[in-house]
Each structure stands twice: as structure tokens, then as C-alpha cells.
Amino acid sequence: MLAISRALRQRLVSAMEEGLDLAEPPDPQLTAASKPEFGDFQANGAMGLARQLQQAPRQIAQTIVDHLDLADLCEPPRIAGPGFINLTLKPEVIARAIAERVGDPRLGVAEAPVRQRVVVDFSSPNIAKEMHVGHLRSTIIGDCLARLLAFRGHDVLRLNHVGDWGTQFGMLITQLKQVAPQALDAADAVDLGDLVAFYRQAKQRFDEDETFRTQSREEVVKLQRGDPFSRRAWALLCSQSRQEFQRIYDRLGVGIEERGESFYNARLTGVVEALDSAGLLVTDDGARCVFPDGSSDKRKQGSALPPVIVQKRDGGFNYAATDLAAIRYRLAGADGGEGDAAERVIYVTDAGQASHFEAVFQVARRAGWITPGQSLEHVPFGLVQGADGRKLKTRAGDTVRLRDLLDQAVQRARADLERRLADEGRQEDEAFIAHVAETVGMAAVKYADLSQNRITDYQFSFDRMLALQGNTAPYLLYAYVRIQGIARRGGALTATAPDPIRLGAAEAFSLARQLLHFDEVLVELERELLPNRLCTYLFELSQTFNRFYDRVPVLKAEEPDRSSRLALCRLSADTLKLGLELLGIGTLDRM
RNA sequence: GCUCCCUUAGCUCAGCCGGAUAGAGCAACUGCCUUCUAAGCAGUCGGUCGUUGGUUCGAAUCCAACAGGGAGCGCCA
């Protein structure tokens, strides 16, 4: 519908220029109609011009309509309320637009006019720690955004900024040397669960034991100097964690390239030098930092941001230095030198890091690393909460491991399915049950997350996400399954659509109109990066389809209605499948 | 103390550049399986959009203040 909407807008602009005496180029404020009874589009531009033109808004609307030539696209425009211009597309225009989309692999969604190099930084678990629910949102949202951007034709680099460096390795290696030296010797001697336990012990000893503390610090220094034994131990730890992470990514169907913090080690001194020569660096209490807003004073009252500490008093670097090095590397390279040459860099992290990103982005800007045409965006998301409205925890009070959470979702999906099979007296083999349970479980977890507005906290509930009715993955999957059911019973979804497509039944016409909005939703998603908008669309599409399915016969209809309706079914299935795919969710033919 | 985010139906949430009578889902209640169809469809019930001001043709949406909830705030990430 974007093409049609652009054409309408252009004609409204012309009509306003012809009919009205305006100083500036007019904005017709063309949007989708707020209610179906208002038609397909509404133009709200007349009302805002009332004061400027010293005319009643309805009269302005009338003048616009008098100069408007839309006869080839729309029914005669209607003026309503205080001065809305309501536009209803002619059925044949909708039918033609549908015919163009059926069978098109992109379903009428154009590629972005300008292809960008985009870095999506997401997931980012820490080595020697389990992935937990906190990583879930970043992973799911980041994957979805990366898929969408790639579909729109952008060159997407998915980066996993794993926590693979820092003082914690000193503790961990020291602890393992003393308690489980075999872990540092051979691959697979310990699994991630053991590492987590060792990490916990190490942390405790670090806090209590002076000798251990000293040993750990020495170990960090050795590691940083590149001592072969320490490096090998470190590499082994990383590899153990990496295997575990990969199991989760494989299960979620998420592709991501690891480029951890250690990647930037060699570039940290360069960051300090660059900031220094840009005149941004101030030494304060022995630490080298950049103060916000160009102020070199200590934090003033009312200054929103604390200073960004780039190099600690002891000469060591911290995460801000690493993040700055990463920004610099990602934005550099357009000249053929080192770097990713990204034009858009997207960070999918929790909302609590907003001020950190605001600060480092500001430093990057003032350092001149961001050239025109490049942007850095923090894409924040809220906490995952339990049913009690507090941060999600196990009954014992521990953080919930991601693998356990996924297992439980699949297990519940399976129990649901088996109960249903028993109720309906259906027989299915184990492979079918396992596949459906896995698909539904993953879909439910992902969809529940993506369908919430990203920015607000999100209440996690297996019961709600696995519910068969409402705005849930199972509901959408079922709508898709129903279409596949038609296909199985003899409705060739691949047959060519008749020309013209007939949209006689009211439910068929509504479905057609809804299908045409897909491209607008994706373009908006690319700009706003809010996956819940796509979820809402797919849910409403499923509802509209179910209404159609309930009331309009397809296979039993006479030609040419039969093949017209089959074409609608096909486009509905393809739209649901592609939409879900962009969310990272797989479909089923039967469930 | 300072900064940011949030507050919409009993519950979970949408609400796009300010636009028409504020929308879903769940829960509750009422109907609909001789049909390609019930993991579905139709309907009923449910609102001080946290409060008070302001901006304007028009505010859930923008601004200010206040209340409540959450997060962050110099050498952890």
C-alpha cells in the first residue's frame, strides 16, 4: 500500500497547492484510516490550516477535495467531522494490488532505497557465566531487528560483544589452578555449570582472602602480558562457554558472530591517544576521563552525566574504553582502512545502560568519529519480571537459566499437545510431537517477548505465552495451519490467481485490505525498531483471516470465487510465514 | 540529592506525526460444530488514560508541577 499511499499524498499536495494560498509546501497529513468505516486513508491536513487561512476547516477540506483528482484510485472523497478527508480505495484498485503481490517472494515489500552497512550488537553474555533471562530479550530482539534489516536489503553484521576479558579471569584462573587444574589443561574437562560454581567460589575467596586477591591480580597481569599458560587457560574457558552459548543459539535459530571485548584490547591505547589529541581527556584523581558537555570541571550539580572514565588510576582500562574502541572500530573503515565501515550501529541492551550509552556516544561524537550519514542507536528494553512484578527468579531465588526456561516452555507445549491429542483421540508419532512442542515452545517464548513494547518491563508467564487464544504464538501458528489444511484438502495454493481477483464477500475484502498494509508495517519497523508493531499486525491479520475462514467457503465456492479466495489464502499464509520468519519464528503445517 | 524510564478496563498490554465515540487479549457471562473450520467465530459486561495546571480548532499523546513504581549515578560490565 506504500505505492498507493505515496500517489495519494502527491495528489493531495497538488490539490492543496492549486486550491489554497499557502506560503509553505503543504502537508496533507495522510494516514491510514483510524476506523474501517472511514475508508482506507484519511487526510487531516485541512484542520491545521484554519488559522493561517482564516477559513473554516471544513471549507478548506472542501476546497482541497474540489481540486482533487483521484477518480482512478478512490471513491469520491468524503469530508467528515471537523474537517477530515476520508478516502476509500476502489475495490478494483485493491484487487489489482493483491494480484501483484500473490506469488511475489517479497510480497510487495521493496528493498530500502539506500542500502546501509548496519551493525547490530546484541545478546552479549559473559564467559564463565550461564546465559539467563536478561540475555533473552537482547538475543530475541536483536535477532529480529537483524532479520528485518537484512530483508530490507541492508548489509547486516550481527555482533556478539561477549564479556571475555577483565579482572574476573584472574580470579577464575587462580581458583582453577588450585582446585581443578585439569580444567585448564584439556578441553571439556569441566562444563559451564562447573565453571559457574568455580566462579562463585572464586568471587567469595577474592572478597575474603588477601592472599587469593594478590594471586588473582598477578594472574590478570600475566594474562594481559600474554603469558602462554594464562592465555591457554583463558582460551579454554572461553571455548567451554562458547560451546554452551552455541547450543542456545542453535536452539533459538539465532546466527551471530562472536567478537568479544578482548578483540579491542590492542586498540585501547589508540582510543586514549585519539581522545587526548582531540583535547577531550582530563586527568582527575589519577584517572583519565572525558567530562560531559565539554565541561572540564568535576561533575557540576545538574550535569546529567558522570564523566566517562577511559583509563583507571592504576593504568587499566574499563568497559567504557572497550565500548569506545568498539564504536571507533565499527564506524571506521569506509576509506578502506581497518574497521567495519558501519553507517548505522544498533545496541540492543537493557534500559539501565541508557546513560552509559548516551555518555559514550557523546564522547564519540565530540571525538569526531561519527561522520555525517552515520548513526549510533541504543535500543533499550525493560526488565523481565516474574508474576509478582519483581525481577524474574527461581523459587530458590536464583536467576533463571535460559536453557531451563526454554526446556520448560517446550515441556509445557508438549503437555498441552498431548492432552489435546488424547481429548481428540488423535494419533501422532513421537517425531511429530517433539517437533511441534519444540516449535511452539520456542515460538511462544519469542513471541511473548517481541509482542510487548520493548521499552517497558515485561511480565513473563508461561501460561499466557502458551495460551491458545489471544495475541500469542500458538494463535498465529494455528491460523497458518488452517491455511495449510485447505492446501492439503485440494486447494492448490500455488495456482495462479484469476484476473481480476474477486473480493465480493465482505470478509474477503477486509482480508485483502489488511494484507496490503504489510509493507507499511515493515518500513515503520525499520525506522522505529519496535517489533511489537509487527506482532500486532500479524495478530490482527490472523484475526481477520479467521473471520474470513469462518464465514467464507473457499474449496466449495464456485469459480472464479474459488481461485480468488485461494489466492487470498496463499497471500495470507505467505504474509504470516514471512512475518513470523522476520520475528525469528518458524511455522508448522500441522499442529 | 541528581538524571532517565514508566503509570491506560479486575489482570496482561496496544495506542504510530496531536485527530473523529480510547482499543485488544485474558477473566466472567451468552450463543455457534450435518459445512474446507471450534487451538476457531459472533456477542455482552468492563475506563477519572496517576493528579493538577498549561499549550490549541482538537491532548492518553506535547509542556510544567506533584504523587506512585522502576532503573542509573568515577575508576564493575
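Chain letters run A, B, ... following the sequence lines, proteins first, then strands; residues in each count from 1. The model shown is predicted, which means the values in this text are computed figures rather than measured ones.
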Report the nucleotide, chosen from [options], that has the shortest atom-to-atom distance to any side-chain atom of [X].
X: A:P306; options: B:C41, B:A71, B:C73; value: B:C73
X: A:N126; options: B:A77, B:G19, B:C41; value: B:A77
X: A:K35; options: B:G23, B:A39, B:A77; value: B:G23
X: A:E524; options: B:A20, B:C16, B:G74; value: B:C16
X: A:N532; options: B:G15, B:U37, B:A39; value: B:G15

Under 4.0 Å: is that the gap between some side-chain N or O of A:T456 and OP1 or OP2 of B:A14? yes
Please state whether the phosphate of B:C41, meaning OP1 or OP2, lies under 4.0 angstrom from any side-chain nitrogen or oxygen of A:N546. yes
Any donor-acceptor N/O pair under 3.5 Å between [N] base and [X] side chain:
X: A:Y319; N: B:A77; value: yes
X: A:D423; N: B:A39; value: no
X: A:Q42; N: B:A20; value: yes

Classify the ring geometry of [X] against [Y]: parallel below 30°, tilted from 30° to 60°, perpendicular beyond 60°.
X: A:Y347; Y: A:F361; value: tilted
X: A:Y329; Y: A:Y264; value: perpendicular
X: A:F212; Y: A:F206; value: perpendicular

Looking only at atom P, what distance separates B:G18 and B:C6, rounded to whole Å? 15 Å
Distance in angstrom units between A:Y549 OH and B:U35 P, rounded: 12 Å
Could you state the CD1-C1' distance from A:I309 to B:G72, rounded to the nearest angstrom? 15 Å
With a 4.5 Å heavy-atom cut-off, do A:P125 and A:N160 have their side chains touching? yes
